[in-house]
Enquirer: 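What follows is a single structure, and I will ask about it in a moment.
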Amino acid sequence: MLSKLNAEQREAVTYLGGPLLVLAGAGSGKTRVITHKIAYLIEECGYEARNIAAITFTNKAASEMRERVGALLEGKDAKGLLVSTFHSLGMNILRAEANLLGYKPQFSIFDSSDTSKIISELANSSDKQEIRDIQTQISNWKSAFVTPENVDAGSAEREMHARIYSRYQETLRAYQAVDFDDLIHLPVRLFKEHPEALQRWQHRLRYLLIDEYQDTNDCQYQLTRLLAGHRAAFTAVGDDDQAIYAWRGASIENLQNLKSDYSQLRVIKLEQNYRSSQRILKVANELINHNTKVFEKSLWSDHGMGDSIRVYAARDDEHEAESVVIKLIAHKLEHQTRYSDYAILYRSNYLSRAFEEQLRAQRVPYTVSGGTSFFDKSEIKDITAYLRLIANPDDDPAFIRAITTPKRGIGNATLEKLGTHAGSRHISLFEAAFSVEMRELLAPNQYEDLMTFCRFISRLEARAEKEPCGELLDELLRAINYEAWLYDAYDARQAEGKWKNVDDFTGWLKRKAEADGKTLLEMVQTIALINMLDGREESPDAVSLSTLHAAKGLEFPHVFIVGVEEDILPFRDSDEKGIEEERRLMYVGITRAERSLQISYCKRRRKGRDWALCEPSRFLEEMPQGELLHAGINAEPQVTKEEGMDKLARLKAMLAKNPADS
């Protein structure tokens, strides 16, 4: 099993003498180390699978680890092995220990759209940017384990945010709900306040493997420290050169803290890169060496030097998009590659527009990272609202969506009276509906419509803990007549597409519930996490358009990094610490490339109706100039758009004559 590992990987897998930090450079095989170590612990060291936890950040990464461990163990029993995201682990802890914190096990998990509605009401504002700012501030406080009582206001705005934070937490508690950050924050609080619960989980999880350690925030760091306990039996895998998520609370200092918190910490460096050419790595190494380093390392590869890195200067953003797309198509036709071999990466989402226009014009298939998740489609959120309400009748946002979709004669007047009564009694809408006062407040037909809905939910709730998930789902869809409502509300083509999505969703839900042995109530929380972490994974043969942040963890044979200009990359107004993170972001982009890399920038960009002059990014000057091949404006004779399109037409014609080679 260990024979295919290099010396450093093998040392990382077999070391069990204490806490271990594996500094895993880009493309150095970190997942291989984690999965082999799990197999080594089970097969060679006598660990029970149920006593091991591997923790990462996305469902996709967790799923990949699970599959690879299964292949290594060749069918041997891995029952109870926990391979999950931080948030799935937190959910499992809270579900098991909910009563200690005053929650029921069927608590709801609110996504950002749910929480934005609450914050909008508490702030008495419909300004989307203001609401996002408050959400971000509350998230950062939770990630840093700052409670509403411990907020250091310092300004009128922060004081206002602190008040909203306090009322927001009260609202979540009233709904028996948690938000995404609570899935880490509350387990830390649980373990600090209830040592007996911590002892139970320390006994259960006797060896921890933590992936992407540089991306942990303060709360996640505390959670892993608490679980590791005095045994400190863990392997942390991370790379300080790829720490690019400070904006969402990640702390690169957590890698440094390991050295101070664990005096016996062993550090093993993985520097052999299995992805990129040596020239790509040379450019990446020299760039990142301009940063203050937590740990020194230098990537190397035995893939040969590879092609020169091309740096292209475009006239403007339209010219940049044209040149990139023409080069991409020409390269694909010439080398007979797939569209999915190519990625166009950029600092900010707005930069994708020009490239999307050019790709559409050339009929090139593409996908855009951060597009609408399958789980964010309105029809899926409609069905999910019913499931959330069945799992937790105190979930007011789910109540409102379910009771109004499909329409069932319950209008705003009824909901307003119900909401006012619930607010005055400090109870949920569902509970308020059953109160004696509501019969007096509503007209008989309004009250009967309301009761019909609430009794229906109550019946399903009573059956959800014991009956098969599939039967309940089928009955739910028949009872609410959702398919017919779609065809009434939308044209036939839209309705057909939406119903197919519902059918796909419920089919997936049934299969997963049966495979995992989960009830409908447990599946509701699973849905919430999948929605917030990943969405549904698809891999079409299409060019990938992606932000640099979203591209982390991916790799492509051929990469174009565009818009590499001052005020874009690095982002405008970045302080010294911010510049270092922007440099790490550029480093991440470079190390996504396997065989070829082109970097481009514009001489000017359109700002409204005017043009603004642009400067190439300082990062270009920090790269080894002997490895860069400059082209474009002021670099070589200009190739006109017509000449480029003519070359492209000739390539297409040449291939059309010999279709057997395509």
Side-chain angles (χ1 to χ4, degrees), residues 1-24 28-56 61-86 88-90 92-93 96-97 187 191 195-213 216 220-221 223-238 258 261-270 515-517:
M1 180 179 72
L2 303 180
S3 60
K4 295 182 180 179
L5 304 179
N6 65 36
E8 291 76 21
Q9 290 172 335
R10 195 157 47 247
E11 182 184 4
V13 167
T14 57
Y15 180 75
L16 293 173
L20 172 65
L21 171 61
V22 179
L23 275 177
S28 63
K30 68 180 179 66
T31 304
R32 181 186 297 181
V33 166
I34 293 172
T35 54
H36 276 73
K37 187 151 195 170
I38 293 170
Y40 180 76
L41 288 168
I42 294 171
E43 291 193 321
E44 304 295 333
C45 304
Y47 275 81
E48 296 287 338
R50 65 176 180 271
N51 295 140
I52 301 169
I55 309 167
T56 186
S63 178
E64 181 186 351
M65 281 186 195
R66 238 177 262 116
E67 290 176 8
R68 289 169 69 168
V69 170
L72 286 171
L73 292 174
E74 298 178 337
K76 294 178 183 175
D77 187 18
K79 188 176 180 180
L81 174 67
L82 181 62
V83 182
S84 79
T85 63
F86 268 103
S88 293
L89 172 62
N92 290 333
I93 293 170
E97 311 286 351
F191 289 154
E196 72 281 10
L198 175 59
Q199 194 171 24
R200 278 194 294 272
W201 284 87
Q202 286 177 339
H203 181 72
R204 178 180 170 184
L205 305 179
R206 304 187 68 80
Y207 200 94
L208 303 177
L209 301 103
I210 307 105
D211 190 20
E212 302 286 11
Y213 207 79
T216 56
Q220 288 160 336
Y221 186 80
L223 180 61
T224 54
R225 276 204 74 192
L226 286 164
L227 286 171
H230 68 275
R231 291 195 314 272
F234 69 82
T235 295
V237 181
L258 282 175
D261 289 340
Y262 298 97
S263 58
Q264 302 303 312
L265 182 72
R266 177 77 169 273
V267 178
I268 298 173
K269 299 178 184 179
L270 304 184
D516 296 350

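Please read all numbers here as calculations on a predicted model, not as lab measurements. This chain uses plain numbering: 1 for the first residue, then up along the sequence.
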Enquirer: For residues 6-24, which residue pairs pass the salt bridge (Lys or Arg N to Asp or Glu O under 4.0 Å) check, not counting sequence neighbours?
Expert: E11-R266
Enquirer: Among all residues two or more places apart in sequence or in another chain, which pass the salt bridge (Lys or Arg N to Asp or Glu O under 4.0 Å) test with R68?
Expert: E64
Enquirer: Distance from L198 atom CG to R200 atom CZ, nearest 0.5 Å?
Expert: 10.0 Å
Enquirer: Nearest 0.5 angstrom please: M65 CE to I38 CD1, how far?
Expert: 7.0 Å
Enquirer: Going by the side chain to side chain donor-acceptor pair (under 3.5 Å) test, which pairs reach into residues 223-236, not counting sequence neighbours?
Expert: K37-T235, Y207-T235, Y213-T224
Enquirer: Which atom names give the shortest non-hydrogen contact between S28 and A24, and what distance separates them?
Expert: OG-C, 3.4 Å
Enquirer: For the atom pair OG1 (T216) and CG (L258), what is the distance rounded to the nearest 0.5 Å?
Expert: 8.0 Å
Enquirer: Go through L227 and F191 one step at a time and tell me if the side-chain contact (heavy atoms from CB on, under 4.5 Å) criterion holds.
Expert: CA-CA 9 Å; L227 286 171; F191 289 154; 3.8 Å; yes
Enquirer: Which residues pass the ring-ring contact (aromatic ring centres under 6.0 Å, His included) test with Y40, sequence neighbours left out?
Expert: none
Enquirer: With rounding to the nearest 0.5 angstrom, report the CG to CD1 distance, L20 to I268.
Expert: 4.5 Å
Enquirer: Using atom types as modelled, flag every donor-acceptor pair under 3.5 Å from a side chain in residues 43-56 to any protein atom, sequence neighbours excluded.
Expert:
| residue | atom | partner | partner atom | Å |
| --- | --- | --- | --- | --- |
| E43 | OE2 | K76 | NZ | 2.9 |
| N51 | ND2 | R204 | O | 2.9 |
| T56 | OG1 | D211 | OD2 | 3.2 |

Enquirer: Tell me if the CD atom of Q264 is crowded by more than 12 foreign heavy atoms within 6.0 Å.
Expert: no
Enquirer: Looking only at heavy atoms, what is the nearest atom pair of V83 and A62, with distance?
Expert: CG1-O, 3.5 Å
Enquirer: Would you give the length of the straight line joining atom CZ of R32 to atom NZ of K4, rounded to the nearest 0.5 angstrom?
Expert: 8.5 Å
Enquirer: State which residues pass ring-ring contact (aromatic ring centres under 6.0 Å, His included) with Y221; sequence neighbours excluded, sorted by chain then number.
Expert: none
